[in-house]
Amino acid sequence: MPAPLTPDSVLQGLTPPQREAAMTIDGPLLVLAGAGSGKTRTITRRIAYMVACGIPAWNILAITFTNKAAGEMRTRVASLLSGAGNMGRGATVATFHSLCARLLREFAADANLPNTFSIFDSADQTKLIKQAIKDCSLSVDNFQPGAVQSAISNAKNKLQTPEAFAVNAAAFFERNVARIYAKYEALLRENKAVDFDDLLLKMAILLRDNATVRQTLEERFQYVLIDEYQDTNHAQFVIAHMLCRNHKNICATGDPDQSIYGWRGANLSNILEFEQFYPNAKVVLLEQNYRSTKVILQAASALIARNTKRKKKDLWTDNQKGEKIVLLKAADEHQEAAEVVKRMKAAKEKEGLSWSNCAIFYRTNSLSRVLEDALMKAAIPYQIARGTEFYARKEIKDMLAYLRVVANPADSVNFERIVNVPPRGLGDTSLTRVQSFGAEFDLSLLEACGQSHQIPGLAPRAAASCKKVAELFKAWRAAAYPNEPAVPAAEASEAPLSEEEEESLADLFNQSEEAAEELPLNEPPFVTGTQHSSPITHHSDIRGLMDRIYKESGLEADYKKEDDTENAKAANIEELITVAAEFDAQNPTGTLNDYLEQVTLASDVDKLQDAGGSVTLMTLHAAKGLEFPWVAIIGMEDGLIPHSRAISGLSGNNDDMEEERRLAFVGITRAMVRLTLSSARYRMVRGETIRTIESQFISEMPDEIFDLVDLTAENDDAGSVGYHDEGGYGRRAQKERRSYESTAQRSEADALAGEFKRGMLVRHAQFGLGRIEEISAAGTMTRAVVKFQTSGTKKLILQYARLEKVDA
DNA sequence: TGGAATTGGCTTTTT
DNA sequence: GCCAATTCCA
């Protein structure tokens, strides 16, 4: 019997500031929660407190950053509210993206969206952008899809429609992006799809322009809480504030020092200027840290103090002082990884930790490989926070593409992906014909396939193959949506195949038909052929649909005939089917769209298991919000942390640099007891070994908190060229021969990088006297940022700049 | 048309 | 060094 829920009982054990935050439920509230200050605890208690005060849970909306965080919050709130009966049920806890997806489905008509839209992931998006570029008769070489994609994404985050974007587009590039953007939007519409950014943009615009919808939702969500507010972008800002326009019951929690998503459009001023926006807002600071040792906190505070864009906040802790931070300098990345692993193992044994107490962070995903090798060699279990990796596999994407087309037959992007997978004799030439036919009569690719017999110039065999595919999809669609009248496209393909056509296709479709026949008739819920059973309406059966597609599409036969031994593809699909079965079990009323949405909006951290008994590897970004007793951050090098892209400072200010510093701060503050920061003197980057420089962030923290472990032989300056034994043969030798010159340049660059150091006084023939502010090694080029006394700050390439050292 | 072989390009972070 | 896209060949 859970204790009765009273406001007092809910607040038990909170500190005065936490209590104040939890008890402020009406009006705007900003909770500035330092790292490890018990924010989640405060938020969950706050929700429970509201319910205890008589606010029904279904009037409460909490928005988190990841699905995992949402899940955790849901669980914690549920256990706090277990004694609250009905009043405690029905709170909405979701991420911005999943919330918007859900609401846009509910208000599809108001949002001017088709009722079953698909959500395109970045890969789909890229394909569509490429097509848009081509459709604008521009070249993919001149307009890099990636660059266009981020330009469009930025525009969407700022709620700029193509028209609005065009108005502001002055330069050549922007003007063309405006055209591409408009075309891209048209293509999305044709595919009945929205991209990630659209979920936010369309919801924001709907709330902004449609008073009825706004009122409905404002009544539904009378209390709104937004976590990780420092990472919200403009669209999210608009959504949040439109939802609270009248009641103003908005609680934003976050920490400006942990804002690490500026590159994705997050706008730090959302949190910095919260009080300007709501002049009567209450602000609560949570400054006491319960997580880390004094030493770790000291390091973190010293580092973050270098930033200018922040709200001053003094973290303190009652925890013990703790051990010094290990500053590890290795000769190369292999030694670095081996040593980190060795020390982790030692710490585990000495201090009685479990593997799941340990985590290793890095700036870029590519750094995980060396670590994996080292961990495998040491036979240590590990997990990588890369849940999306599984979904990125070809066979998985193919399978999901089938499902996506079933859910949304207008999705030509995904249809194109699998129309010839497994091979069905539909190559480029055939497909182009189908495409142009579809374009002419305003049909989706699948619809065009259904009418393949009318397509001029299409080889009979290809036409028959098209028709067959269209029929497969018709059958799957009917099975998945038993209550739906047959779609027109399917009707168009009524004409039965001629005998000849059947015959000529026999070899292509042989396996799949056999497989279909083999399906046991009573194996629920599907029966072969066009018989209609309708289990889906009553019970989610993604698994059944997937099973059926796997067999009938010919994928299974295709994968299984592949050279025996390790049948990785088939195994992965089986894994996918297993996971789908879990979805069915957990979401009995879930639809195909729900499933696809979950899969598409899943993030890396979402897949992490808590007590897996294994070491956790992840990027610094993914580490946000987590904590571990033992932490190592590898690759503490200039160009990595801070990343070279931030150093080169294309944005012209040092916002990027500050964000990198915050990223390091986030990493450091994840550690509870032990922290190791490591760097490698030489590191292989994209197949080239480069000489590295220690991260400037190291020098921004006080020396005395470090315990230096230097494994590099200090005499390698002269002999550095021969450091790496190159076994030169094969393609590598070829490449080496070709790039002999650049190799020579590189050792010169290495030498230069060794010669010039940060802080050094130098003279330039043209710019005069200056001081080196940064040094960065980037491939064959070593760059220096030099602040000149009279000519300002310049970025120079050392090889060409001919700098002279000046002795003070 | 489809598979194999070669080449060029490239990497920051993710909903 | 790795991957995707392109080219080459049966």
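Please read these numbers as outputs of a predicted model, since none were measured by experiment. Throughout, protein chains are lettered first and strands after them, A, B, ... in sequence-line order, and every chain is numbered starting at 1.
Across all strands, A/N420 comes closer than 4.0 Å only to sugar-phosphate atoms, never to a base (heavy-atom distances). Note on A/K130: only backbone sugar-phosphate atoms sit closer than 4.0 angstrom, heavy atoms only; bases stay farther off. The residue A/S98 sits apart from the nucleic acid: no heavy atom pair falls under 4.0 Å.
Using modelled atom types, one side-chain atom of A/D124 and one backbone atom of A/D121 make a donor-acceptor pair closer than 3.5 Å.
You can call A/W263 stacked on the base of B/dT13; the centres are under 5.5 Å apart and the planes sit within 30°.
Aromatic ring pairs are classed by plane angle as parallel below 30°, tilted from 30° to 60° and perpendicular above 60°; the pair A/F65 and A/Y261 is tilted.
Here B/dT15 presents its P atom at 18 Å from CG of A/D198, a figure rounded to the nearest Å. A/D428 has its CG atom 11 Å from the C1' atom of C/dT6, to the nearest Å. Residue A/K394 contributes atom NZ, which lies 13 Å from atom C1' of B/dG3 at whole-angstrom precision. Residue A/R661 contributes atom CZ, which lies 18 Å from atom C1' of B/dT13 at whole-angstrom precision. Distance, A/H643 NE2 to B/dT13 C1': 8 Å, rounded to whole Å. One can place CZ of A/R417 at 10 Å from P of C/dA4, the figure rounded to the nearest angstrom. What separates CZ of A/F65 from P of B/dT14 is a distance of 10 Å, to the nearest Å. Atom P of nucleotide B/dT14 and atom CG of A/L663 are separated by 10 Å, given to the nearest angstrom.
Comparing C/dC2, B/dG2, B/dT14 against the side chain of A/A622 picks out B/dT14 as the nearest. Here the side chain of A/H97 is nearest to one of B/dG3, B/dT15, C/dG1, namely B/dT15. Proximity note for A/P423 (side chain, C-beta onward) versus B/dG3, B/dT11, B/dT15: the nearest is B/dG3. You'll find that the side chain of A/M684 is closest to C/dG1, out of C/dG1, B/dT13, B/dG2. Of the listed nucleotides (B/dT13, C/dG1, B/dT15), B/dT15 has the atom at the smallest distance from the side chain of A/F196.
Taking side-chain N and O atoms only, A/N365 has a distance below 4.0 Å to OP1 or OP2 of B/dT13. Between B/dT14 and A/T619, a contact under 4.0 Å exists linking OP1 or OP2 to a side-chain N or O.
For A/N420, there are no side-chain hydrogen bond (donor to acceptor under 3.5 Å, both in side chains) partners, not counting sequence neighbours.
Comparing A/Q144 and A/H621 by the nucleotide of DNA chain B that holds the closest heavy atom to each, the one mapping nearer the 5' end is A/Q144.
Among residues at least two apart or in separate chains, salt bridge (charged side-chain N to carboxylate O under 4.0 Å, His left out) pairs with a member in residues 660-670 of chain A are A/R363-A/E660, A/E659-A/R662, A/R661-A/E700.
To the nearest 0.5 Å, atom CG of residue A/N414 and atom NZ of residue A/K397 are 8.0 Å apart.
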